[in-house]
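Structure first, then comments.
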Amino acid sequence: MSVFSLPEGAQETGKSGPAPLVQLRELVVRRAGKVVLEIPHLELLEGEVLAIIGPNGAGKSTLLHVLALLLPAAAGEMWFAGHRVTRGDDLVKLRRRMAVVFQEPLLLDSSVKGNVASGLCLRGTPRREAEERAQHWMKRFGLEGLADRPARQLSGGEAQRVSLARAFALQPELLLLDEPFSALDAPTRASIFEDFERVLRESSITTLFVTHDRTEAMRLGTRIAVMMEGSVVQVGEPEEVFCFPVDEKVAAFVGVENLVPGRVVEQREGLAVVALRDAGIEVVSDAPSGRQVLACLRPEDVVVAPAPAGLPASSARNKLRGRITRLTPLGSQVRVSLDCGFPLVALITRRSAEELAFQEGTQVLASFKATAVHLIER
């Protein structure tokens, strides 16, 4: 197996900022003769958190296992810290520059303190230093009162805190996390996530974080990579990925519920007029007239109000009359399904829905800005 980088001494042109710690190019992984992972290029920059999201079976964990040098690739190159990884390398030595946290905590049959310090002991860290670092990270993750407790008596949340403390105690150059919070109940998950988020920001460790939770990815990710069917289909800053998905599958996965097919009927110097069935909207886009498109609009960008006799003044360019077809409570929010000549979904607060006395059949006005719509050309 290998990982990509430029030839030694070469530098990429037209780029500034952190250098890549890890680079992959033309990476292929096969299982039983079938390609399960194919990545033409991907890089992880020093000091960043790259959040990997995608549906089950997309190849997220496989990618992490390759980066952790636990799974060989059938083809391609991998470079780590300027060094091309090859089959002849001392992979154990390279792995010692990394730390991995899995979904299920992997703990030794010893105390909490013994588990947190275990990686340091295996790497030959002097005993006093290992104890000091273990104490430090137990405190950071709220474990100082559990230092002497047998690890197998811990709750799931406590056990995962031990796994995180052990990983950070190693002071790795690369931290790899494979959905570390997905098996926890909601309150425990929220508590650990807040502590982890704070520690991660303060440490600036280069991190690859695999998750299927969009909120976790948005909160943690410096950049986000979306995986579908064994490939990375989009990489960018969180706002870019969530507001400007590259295709219909990505749009649906990142929560763009409104995906309406249409056609650009007019182009006015960067403002496209799009026909959506029986309605027309204006969108900030350079899509040419006549182009078939998919209009993407997030539910939270749709404002819903009782239908007035006339159209009220508003900064939103798009105002559509519609009828509520369904109200779905979602905790403090309500999902409002509308018929505006095409299905449209809005997300409003529960209080607003109650104050406006919304119910199925209510005639409403849905409005949204031209900048809120993203067009995917088809």
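In this text the structure is predicted, and so the values were computed from the model without any measurement. Positions are given from 1, in the same order as the sequence printed here.
Contact check on Glu355 versus Arg350 returns no salt bridge, with no Lys/Arg side-chain nitrogen under 4.0 Å from an Asp/Glu carboxylate oxygen. In summary, Arg140 and Glu202 engage in a salt bridge, as defined by a charged side-chain N under 4.0 Å from a carboxylate O. Using a cut-off of 4.0 Å between Lys/Arg side-chain N and Asp/Glu carboxylate O, Glu194 and Arg198 are scored as not salt-bridged. Ion pairing of Glu197 with Arg219 is present here, as a side-chain N (NZ or NE/NH1/NH2) and a carboxylate O approach within less than 4.0 Å. Under the 4.0 Å criterion applied to side-chain N and carboxylate O atoms, Asp339 and Arg321 are not assigned as salt-bridge partners. Checked for salt-bridge contact, Glu240 and Arg223 miss the test: no charged N lies under 4.0 Å from a carboxylate O. Between Glu144 and Lys139 there is no salt bridge, since no side-chain nitrogen of the basic residue lies less than 4.0 Å from a carboxylate oxygen of the acidic one.
Considering Cys340, Pro308, Pro306 as possible partners of Leu365, the one that fulfils the side-chain contact (heavy atoms from CB on, under 4.5 Å) test is Pro308. Looking at Leu21, Val100, Leu44 one by one, the single match for side-chain contact (heavy atoms from CB on, under 4.5 Å) with Leu208 turns out to be Leu44.
Atom CG in Leu294 sits 5.0 Å away from atom CG in Leu259 (nearest 0.5 Å). Rounded to the nearest 0.5 angstrom, Phe242 CZ and His374 NE2 are separated by 13.5 Å. Here the CG atom belonging to Leu177 is positioned 4.0 Å from the CG atom belonging to Leu175, to the nearest 0.5 angstrom.
In this model, a donor atom of one side chain and an acceptor atom of the other lie less than 3.5 Å apart for Glu216 and Thr211. Side chains of Thr188 and Asp185: a donor on one and an acceptor on the other come within 3.5 Å. There is no side-chain donor-acceptor pair under 3.5 Å between Arg268 and Ser289.
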Practice prompt. Apply ring pair (Phe, Tyr, Trp, His ring centres under 6.0 Å) to Phe141 and Phe196, showing your working.
Written response: CA-CA 8 Å; Phe141 281 99; Phe196 170 71; 7.2 Å; no
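Note on ring orientation: taking the six-membered ring where Trp is involved, the planes of Phe193 and Phe181 are perpendicular (angle over 60°, cut-offs 30° and 60°).
Of all heavy-atom pairs spanning Gly119 and Leu170, the tightest one is C-CD2, 3.5 Å.
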